Amino acid sequence: MRKVIIPMMAAVTLLTAACQADSTNEKTKESSEQKVEVKKTAVKAKESIQPQDGVNEKVLKETLSKLPVEVPEKVITTSVPIAEMLHLLGITPVGVPQSTNPLPKDFESIKKIGSPMQPDLEVISSLKPDLILGSDSLQSTLDKSLNGMDLKAAYLPTESLDDLKVSFKTLGTYFDKKDEMNKVLNNISAKESELSNVAKGKDKPSVMLMIGTSDSFMVMSEESYLGSLVKKTGADNIASSVFHVKDTYSPINMEKVAAADPDVILVLASGDHGAPKDMFKKEAANNKVWKNLSAFKNDKVHMLDYSTFGVTSIDHVGKALTDVSKYLYR
């Protein structure tokens, strides 16, 4: 009887050990699968999280790649918006452009290198810069001017609000000025949130954006600086929804304007800042189409301050967003 019991006990022991091994393997497998699932979830969550400042990380990396690996000591900029960015970051260039648009007061004594489109090459050469920073909208023109000169140049976007933010973050990251960079970007984000709260629960108005020159007016799309500000409010820019324009500036079609009947019209002067305003008043007085628009009847035609909306400016974004909010929702 004892001989029978011993093999039976051995079999039970082996069976128990096998079950425990299977159980351990199963738990290990489940644990591994859980870890993989958690890792996948974490990756997806990381991919879905957008930076608080709203800057597209992919675009940021692409813009950073335009700059040389070695951080320069002597920088020149041919762009007023970029000069402003450098000032806010606490970076002093050795040369800045001569422009009718105001430079930071601290930069007034810095050597002027000529106009943004036609810089003085002799002055640039004498300053011996390690890097020239320019606006990408003028890249082809500046490349021709700098042809033959052994100088490193990088071009940053400055046309829209998102352009300004990505270029500012690019410079702040590149020059390791993250405290100064985050202070400015956080203020802009706060202002954007404030604007969003103002618009919350309200009907989004239809808007026509106009820019005036000395002899004509054009509509502005969302690609323009003013258009990018209005886009942040969620308002309907009829240049996109009705005119379906692809260019930043396009001729006005009065039949389409009358059909769209925008709730608000924002007019920006260009060139001789006072002339377009007077010209627009005469145009409106002599054309019944304008007078029949809802914007005219409801006193929703606003002439914009050129110093705030006529020039892309990272420093003026807060005021520009505040003013846009007032024009559209108050």
Side-chain angles (χ1 to χ4, degrees), residues 50 54-56 59 137 157-166 188-189 191-213 216-270 276-277 279-280 283-284 287-306 308-312 317 319-330:
Q50 293 296 323
V55 174
N56 185 300
V59 176
S137 62
T158 60
E159 295 299 297
S160 68
L161 174 54
D162 286 341
D163 286 346
L164 292 179
K165 291 198 297 184
V166 74
I188 293 174
S189 295
K191 185 58 66 174
E192 288 177 328
S193 296
E194 180 183 318
L195 185 149
S196 178
N197 289 332
V198 170
K200 189 178 295 184
K202 297 181 181 178
D203 292 335
K204 303 299 189 291
S206 59
V207 187
M208 181 166 72
L209 311 178
M210 299 172 58
I211 184 167
T213 62
S216 64
F217 288 94
M218 304 186 82
V219 294
M220 290 184 282
S221 72
E222 294 177 349
E223 300 303 314
S224 66
Y225 177 53
L226 177 58
S228 70
L229 296 174
V230 170
K231 184 178 180 180
K232 293 292 181 181
T233 72
D236 171 26
N237 184 343
I238 66 170
S240 299
S241 62
V242 178
F243 295 173
H244 304 295
V245 301
K246 296 181 179 179
D247 297 327
T248 304
Y249 307 102
S250 302
I252 291 179
N253 182 318
M254 288 308 297
E255 289 185 7
K256 289 185 177 180
V257 172
D261 191 19
D263 300 311
V264 182
I265 297 175
L266 302 180
V267 185
L268 176 65
S270 177
K277 182 185 294 187
M279 187 178 71
F280 181 75
E283 168 71 16
N287 191 327
K288 291 183 179 179
V289 175
W290 291 109
K291 293 182 179 180
N292 289 330
L293 295 176
S294 296
F296 270 82
K297 292 178 180 178
N298 299 323
D299 196 26
K300 291 290 185 178
V301 178
H302 303 284
M303 309 301 293
L304 304 187
D305 177 18
Y306 186 84
T308 302
F309 295 100
V311 184
T312 54
V317 166
K319 175 173 170 44
L321 287 171
T322 298
D323 288 352
V324 163
S325 174
K326 290 178 181 178
Y327 294 142
L328 299 181
Y329 295 103
R330 295 176 187 173

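What's counted below: heavy atoms across the whole structure, side chains too, no hydrogens, waters or symmetry copies. For this chain, numbers begin at 1 and follow the sequence in order. Model, not experiment: these values are computed from the prediction.
Across every non-hydrogen atom of V207 and L328, the tightest pair is CG2-CD2, 3.6 Å. Across G227 and N237, no two heavy atoms sit closer than the pair CA-ND2, 4.5 Å.
Residue S224 holds its OG atom at 8.0 Å from CG of L229, rounded to the nearest 0.5 Å. Here the straight-line distance linking atom CZ of F217 with atom OH of Y249 works out to 14.5 Å at 0.5 Å rounding. Between the NZ atom of K288 and the CZ atom of F296 there is a distance of 15.0 Å, given to the nearest 0.5 Å. In this structure, the separation between CD1 on I252 and CZ on F243 is 7.0 Å, given to the nearest 0.5 Å. Here the straight-line distance linking atom CE of M220 with atom CG of L268 works out to 5.0 Å at 0.5 Å rounding. Atom OH in Y225 sits 8.5 Å away from atom OG1 in T308 (nearest 0.5 Å).
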What verdict does the side chain to side chain contact (heavy atoms under 4.5 Å, CB included) test give for K165 and E192, after you've listed the backbone C-alpha separation in whole Å, the side-chain angles of each residue and the deciding distance to 0.1 Å?
CA-CA 12 Å; K165 291 198 297 184; E192 288 177 328; 3.2 Å; yes
Given salt bridge (Lys or Arg N to Asp or Glu O under 4.0 Å), test K319 with D305 step by step and report yes or no.
CA-CA 11 Å; K319 175 173 170 44; D305 177 18; 5.5 Å; no
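Side-chain polar atoms of K191 and T322 form a donor-acceptor pair below 3.5 angstrom. Of the N and O atoms on the side chains of S241 and D236, at least one donor lies less than 3.5 Å from an acceptor on the other residue.
Side chain of N253 to main chain of K256: a donor-acceptor pair is present (N/O by atom type, distance under 3.5 Å, no hydrogens or angles). Counting only distance, with no hydrogens or angles, the side chain of S228 and the backbone of E222 share no donor-acceptor pair below 3.5 Å.
Under 4.0 Å is where a charged nitrogen must lie from a carboxylate oxygen, and between D261 and K297 no such pair does.
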Show me, pair by pair, the donor-acceptor contacts under 3.5 angstrom made by side chains of residues 195-206, not counting sequence neighbours?
unit_1, atom_1, unit_2, atom_2, d
N197, ND2, S193, O, 3.3
K202, NZ, V198, O, 3.4
K202, NZ, Y329, O, 3.4
S206, OG, D263, N, 3.0
S206, OG, D263, OD2, 3.2

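Within a 6.0 Å radius of NZ in K232, more than 12 heavy atoms belonging to other residues, nucleotides or ligands are found.
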